[in-house]
Protein chains: 2
Amino acid sequence: MMDASGGIRARHTYHHGDLRRALLDAGIALARDGGPDAVVLREATRRAGVVPNAAYRHFASRHALLQAVRAAALAALAVAMEKQLARLRDGGPRAGLRAIGTAYLRFARTEPGLFRTAFAVPGEAETAGSPAMAGKSGLNPFQLLGVALDRMVAAGVLPAERRPGAEYLAWSAVHGLAMLVLEGPLRRLPRTQTRVIEQRLLDMVDKGL
Amino acid sequence: MMDASGGIRARHTYHHGDLRRALLDAGIALARDGGPDAVVLREATRRAGVVPNAAYRHFASRHALLQAVRAAALAALAVAMEKQLARLRDGGPRAGLRAIGTAYLRFARTEPGLFRTAFAVPGEAETAGSPAMAGKSGLNPFQLLGVALDRMVAAGVLPAERRPGAEYLAWSAVHGLAMLVLEGPLRRLPRTQTRVIEQRLLDMVDKGL
DNA sequence: GCCGCAATGTATACAGCGTCCACACAAGGT
DNA sequence: ACCTTGTGTGGACGCTGTATACATTGCGGC
């Protein structure tokens, strides 16, 4: 009950109200600028105006909090993908795949901390259908990619025999590039040039799938 | 001067002899099973039979040690690539690129800790020509890939106008898949199936480049 | 309207980490 | 023989995650 110094908001009630949410939000903020390693339990509790151990009433460990943040990051990515898809005034089924890839790469660029948190942590299951990591459609990023590929098969632009496992190939290429741009050798490439490479990569996927 | 308990080797001289090397080796061992986060300064000094602060005579910080380990991991990858290339009884220039990709993916599978250390850490420069991260040929993994692509151009199987930036596309695809298999959604896929996907991915690169 | 219980937040404590500072020892050129 | 320079030691600090015991609160049953 000290404070007025922390600057976050002094609490007057003994109970916080929605500490779980507050911790999660703090965790997301930490991940946003600083990546997964910056998600520090004590700092999250500090921001929530609460003693460190209070966190353990809502998360079994720091790792559990990190997983929750990770799920939120995946959900944010899913939303970004859905937005990019919604922009599409039917440019054909290939456009769907391209929109997914574009959204993925943009997300990596604009939210590097969240992106790294989403993927630089072991964590279960893009496959598993937890709604915590899904967008408005209820689909997570991985599933959205699957749908785009299914549409391509339905439209006849992707041979059905090449469909199984295709998400892994597409995902690999895009994910790999995102990593290289984010913290690999392409880190200090001028933005215009990264855009060119991004386009060429999407071309490669289109052609090579 | 206690010990006989640590099990590493009690030192009788005040000076260690080659502490830098010992710390680096310990760091590599830690990275090998545990990845970058397992590279812990105090543990490395413990294994070297020395007090924690002794490390600071040879590395400015934990991060500096980690970078040295990272360089060693890249060198190991370069060596693996060179070996795979040496096996080649001229199967044409495409075979060179494929060998690079194969070695990369195998390294990720067989040395996941080192692989993650090599790439999950920001760090400068696959580009920069430090010999610490190169193989016997003096070339680092990235440069080896470049050479393979150059050969393809020389042999006429890759149009010269597609050469610039091609290493980024190839690298992205392979690196992305390695990540997915290592700590992504493909983690628990049976090994035989990952092999199939690996082959298809290399096909995609071949075709789409 | 009171009571007791379960949920939630607090206090205190411990070990492990990276790192700083002052000191001890060893080796080598003068 | 000395003294400088490099290298390893000892002790300390603040940070982290987490365990264990305690305090406060809100809620359901009487």
Side-chain angles (χ1 to χ4, degrees), chain A residues 1-6 8-27 29-31 34-70 117 121-123, chain B residues 1-6 8-27 29-31 34-70 117 121-123:
Chain A
M1 50 185 51
M2 18 60 186
D3 220 52
S5 78
I8 287 78
R9 164 76 85 220
R11 215 164 74 262
H12 52 295
T13 50
Y14 186 92
H15 284 341
H16 177 285
D18 195 354
L19 183 53
R20 182 183 161 93
R21 185 72 233 173
L23 289 172
L24 186 50
D25 286 344
L30 288 170
D37 291 348
V39 178
V40 153
L41 213 158
R42 285 178 106 105
E43 176 61 22
T45 60
R46 234 170 272 136
R47 297 193 179 193
V50 103
V51 95
N53 280 334
Y56 288 89
R57 300 295 178 190
H58 304 275
F59 298 96
S61 65
R62 173 202 122 97
H63 192 251
L65 170 59
L66 188 54
Q67 287 298 331
V69 173
R70 187 181 112 88
T117 305
V121 172
Chain B
M1 52 189 46
M2 19 60 185
D3 216 49
S5 79
I8 287 80
R9 161 78 82 222
R11 214 164 73 263
H12 54 294
T13 51
Y14 186 91
H15 285 339
H16 178 283
D18 195 354
L19 183 53
R20 184 187 160 91
R21 185 71 233 175
L23 289 172
L24 186 50
D25 287 343
L30 288 170
D37 291 348
V39 178
V40 154
L41 212 158
R42 285 178 107 106
E43 176 61 21
T45 60
R46 235 170 272 135
R47 297 193 178 194
V50 104
V51 95
N53 279 334
Y56 287 89
R57 300 294 178 190
H58 303 275
F59 298 96
S61 64
R62 173 203 122 97
H63 192 249
L65 170 59
L66 189 54
Q67 287 297 333
V69 172
R70 186 181 113 87
T117 306
V121 171

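Side-chain atoms are counted along with the backbone in the values below, which use heavy atoms only and exclude waters and symmetry mates. None of the values given here were measured: they were computed from a predicted structure. Each chain gets a letter, A, B and so on, in the order its sequence line appears, and its residues count up from 1.
Straight-line distance from the CG atom of A:Leu23 to the P atom of D:dG17: 12 Å, rounded to whole Å. One interatomic measurement links the two molecules: CG of A:Leu19 to C1' of C:dT8, which rounds to 9 Å at whole-angstrom precision. Taking atom CG of residue A:Leu66 and atom P of nucleotide D:dG17, one finds them 11 Å apart after rounding to whole Å. Rounded to whole Å, the distance from CG on B:Leu30 to P on C:dC17 is 11 Å. Rounded to whole Å, atom P of D:dT18 lies 8 Å from atom CZ of A:Arg62. Between the P atom of C:dG18 and the CG atom of B:Asp37 lies a distance of 11 Å, rounded to the nearest Å. Protein atom CG of A:Asp18 is 17 Å distant from nucleotide atom P of C:dA7, rounded to whole Å. Between the CZ atom of A:Phe59 and the P atom of D:dT18 there is a distance of 13 Å, rounded to whole Å.
Minimum interatomic distance between B:Ala31 and B:Val39 (heavy atoms only, all atoms of both residues): CB-CG2, 3.7 Å. Here the closest heavy-atom approach between residue A:Arg20 and residue A:His58 is recorded as NH1-O, 3.2 Å. Across B:Leu41 and B:Ser61, no two heavy atoms sit closer than the pair CD1-C, 4.1 Å. Between A:Leu19 and A:Ala48, the closest heavy-atom pair is CD1-CB, 3.8 Å.
B:Ala26 pairs by the side-chain contact (heavy atoms from CB on, under 4.5 Å) definition with B:Ala44, B:Arg47, not counting sequence neighbours. Listed by chain and residue number, A:Arg42, A:Glu43 satisfy the side-chain contact (heavy atoms from CB on, under 4.5 Å) test with A:Val40 (two or more places apart in sequence, or in another chain). In this structure, the side-chain hydrogen bond (donor to acceptor under 3.5 Å, both in side chains) partners of B:Asp25, at least two apart in sequence or on a different chain, are B:Arg21.
A 4.5 Å side-chain heavy-atom check between B:Phe59 and B:Gln67 finds every atom pair outside the cut-off.
Among the atoms of the strands shown, only primed sugar atoms or phosphate atoms (P, OP1, OP2) are found under 4.0 Å from some heavy atom of A:Val50.
Distances shown here put a side-chain N or O of B:Tyr56 below 4.0 Å from the OP1 or OP2 atom of C:dT19. The phosphate of D:dG8 (OP1 or OP2) has a side-chain N or O of B:His58 nearer than 4.0 angstrom.
For the helix from C:dG1-D:dC30 to C:dT30-D:dA1, the terminal axes (five pairs an end, C1' atoms, rotation from four pairs onto the next four) enclose an angle of 10°, given to 10 degrees.
Between A:Leu23 and the choices A:Asp18, A:Thr45, A:Val69, the side-chain contact (heavy atoms from CB on, under 4.5 Å) rule is met once, by A:Thr45.
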Between protein and nucleotides 11-15 of chain D, what N or O pairs are separated by less than 3.5 Å?
unit_1: D:dG11; atom_1: O6; unit_2: B:Asn53; atom_2: ND2; d: 2.6

Set out, line by line, the N/O atom pairs under 3.5 Å between protein and nucleotides 23-26 of chain D.
unit_1: D:dA23; atom_1: N3; unit_2: A:Tyr14; atom_2: OH; d: 3.1

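Put simply, the side chain of B:Arg70 never gets that close to the backbone of B:Pro36: no donor and acceptor are under 3.5 Å apart.
Each of A:Glu43 and B:Val51 was matched to the nucleotide of DNA chain D holding its nearest heavy atom; the match closer to the 5' end belongs to B:Val51.
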